2 protein chains.
Amino acid sequence: MANSLNLNIDRSSPVPLYHQVVQGIEAAIRSGNLEPGSKLENEIDLAAALNLSRPTMRKAMDELVRAGLLVRKRGVGTQVVSSQVRRPLELSSLYDDLVARGGKPTTDVLTFSHVDADAATREKLALHPGAKVYHFTRLRKVDGKPLALMENWVRDDIVEFDGAALATAGLYGILRNGGVNFRLATQRVGAMIANDYQAPLLDTTPGAALVTMERTAVDDTGRLVETGHHVYRADNYSFEMTLVQR
Amino acid sequence: MANSLNLNIDRSSPVPLYHQVVQGIEAAIRSGNLEPGSKLENEIDLAAALNLSRPTMRKAMDELVRAGLLVRKRGVGTQVVSSQVRRPLELSSLYDDLVARGGKPTTDVLTFSHVDADAATREKLALHPGAKVYHFTRLRKVDGKPLALMENWVRDDIVEFDGAALATAGLYGILRNGGVNFRLATQRVGAMIANDYQAPLLDTTPGAALVTMERTAVDDTGRLVETGHHVYRADNYSFEMTLVQR
DNA sequence: GCATTTAGTTTGTCCTGACAATAGGATGAT
DNA sequence: ATCATCCTATTGTCAGGACAAACTAAATGC
């Protein structure tokens, strides 16, 4: 539709050009300026219009395809994907999620200790026998209502921890401040029944459905930094994700 | 570690060069030939060793980084990520998953109908009022044991459906045979308690934990082809995924 | 001995250019 | 009118080069 999408590319900005394009197109889509189903101009013309090379333009569109916002077809063109598609799965913590949604998260630190890692934890974090970890359980509330019960184990050779800090900042925030750059995480989502310990903390009854999530996070040096087991009230929380065919 | 990883690149193959590299390195990692934590040669030398250009080599490594198998750091190098990392989330059906694992899946078609889409379905598939859809429920078993109860709605203007075909082939297989090229899907994973209808079908008791999954799939033309609501026994199934920081 | 600078290595970004593969419509023959 | 063929538009793949930015480690100065 020759929608010339008037983007501003700032060549003096430290933000890479392709990323500026990603942000621009994403904003145009989310604002409705680019309608779902509409066709974009072809790569060559778009690149020329913005004074960019085709590889740069292509890299930007690659990201948007991966994010599930665009669909490409050889010989045909590129199309904005029909709405419904939300943000893809990102490596962010629940705390970040809640802050982004405008909720007011608070955290109760239920237990905090610095202990020898047991066999299961050593396996998950690839630690030597005798290594110690921080182990703690937290209860996350939003606007006073309990949402998640979290149990975590963190290597002790990266950041000095204390229980008080955990009450005011998210785990990932503390680790990032301590110089940890997260790169990837594996997580497993399942379900279980609330037991007698969990139910009162989450303000529900034993036997209620809970969503479970286990996650292990890796930093940019390849270290397994943190592993955790979280449970959420099923009526409050679910995991949404976008899968892209490759 | 100058691990020269002896790959064979076949320039006459229809498989893109960068993808051959992806497959080669992935195989080397999964076979243990490239150990977790070990460092790869730098991009330039690797490209030269395989007689490829650096952009091609880079594209291959990009994919592996996204897949969570490699970690890169400017000025330092590229490293094989510590094991633990399984396959990332892909757009495949449960049927495909089970076949890949070597199980013997069978399917009972419980109900099958061709009906007017209700408001909720029209919203999910972006259909006009009065449009019709195929609606069916299936019970998926592996080696005779029930695993998943699935309820799906499919547009009726793409592929002609009949209940018998569903008993022998997976939904996605039928649609793919009908010319549908899936591109992406959004799904939401949560939990619920088995009710009186679900429990006997899944060979469990009312009140047991179930994993729920809702999915809507989009094809390469942007059409919302299929939406479904599946439930799994929590003791048999969970969703595993790899999240990559961008 | 310690902090600072400097040089080297490696990945990150960006460019120009070229050809291949595919889809879809236009064209032409039957 | 129908079918096969050609043409065009568009994305997919690949090459080679250049410079920037970040990190490491060695050399330097105090």
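For the numbers below, each heavy atom of this structure counts, side chains included, while hydrogens, waters and symmetry mates do not. Here the structure is a predicted model, which means the values were calculated and not measured. Within every chain, numbering begins at 1; the chains are lettered A, B, ... in the order of the sequence lines, protein sequences first and strands thereafter.
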Check the distance between [N]'s [atom2] and [X]'s [atom1] and give it to me in whole angstrom.
X	N	atom1	atom2	value
B/Met57	C/dG12	CE	P	13 Å
A/Lys59	C/dG12	NZ	P	8 Å
B/Gln79	C/dT10	CD	P	14 Å
B/Asp45	C/dT11	CG	P	9 Å
B/Glu41	C/dT9	CD	C1'	14 Å
B/Gln20	D/dT13	CD	P	12 Å
B/Asn42	C/dT9	CG	P	10 Å
A/Ile9	C/dC15	CD1	C1'	16 Å

Between the protein and nucleotides 16-19 of chain D, list the N/O to N/O atom pairs that are separated by less than 3.5 angstrom.
unit_1	atom_1	unit_2	atom_2	d
D/dA18	N6	B/Arg54	NH1	3.4

Indicate yes or no: at least one non-hydrogen side-chain atom of A/Phe182 is less than 4.5 angstrom from one of A/Leu175. yes
Are side-chain heavy atoms of A/Asp62 and A/Arg72 found at a separation under 4.5 Å? yes
Show every salt bridge (Lys or Arg N to Asp or Glu O under 4.0 Å) that has at least one partner inside residues 152-163 of chain B, sequence neighbours left out. B/Arg155-B/Asp157
When you check the phosphate oxygens OP1 and OP2 of [N], does a side-chain N or O of [X] lie under 4.0 Å from one of them?
X	N	result
B/Arg58	C/dT11	no
B/Lys73	D/dA22	no
B/Thr56	D/dT13	no
B/Tyr18	D/dT13	yes
A/Thr78	D/dT11	yes

Looking only at atom types and distance, does a side-chain atom of [X] sit under 3.5 Å from a main-chain N or O of [Y], one as donor and one as acceptor?
X	Y	value
A/Arg138	A/Met150	no
A/Ser13	A/Val15	yes
B/Thr227	B/Arg215	yes

Taking the side chain of [X] as its heavy atoms from C-beta onward, which of [options] lies nearest to it?
X	options	value
A/Glu43	D/dT11, C/dC14, C/dT13	D/dT11
B/Arg74	C/dT10, C/dA23, D/dT10	C/dT10
A/Arg72	D/dG12, C/dC14, D/dA15	D/dG12
B/Leu17	D/dA15, D/dT11, C/dC14	D/dA15

Classify A/Asp62 by what it touches in the nucleic acid, base, sugar-phosphate, or nothing, heavy-atom distance under 4.0 Å. nothing
Going by distance alone, is a donor N or O of one side chain under 3.5 Å from an acceptor N or O of the other, for B/Glu226 and B/Asn152? yes
5'-most contact on DNA chain C (nearest-nucleotide basis), A/Val76 vs A/Arg11, goes to A/Arg11
Using a cut-off of 6.0 Å, state whether more than 12 heavy atoms not belonging to B/Asn8 lie near its atom CG. no
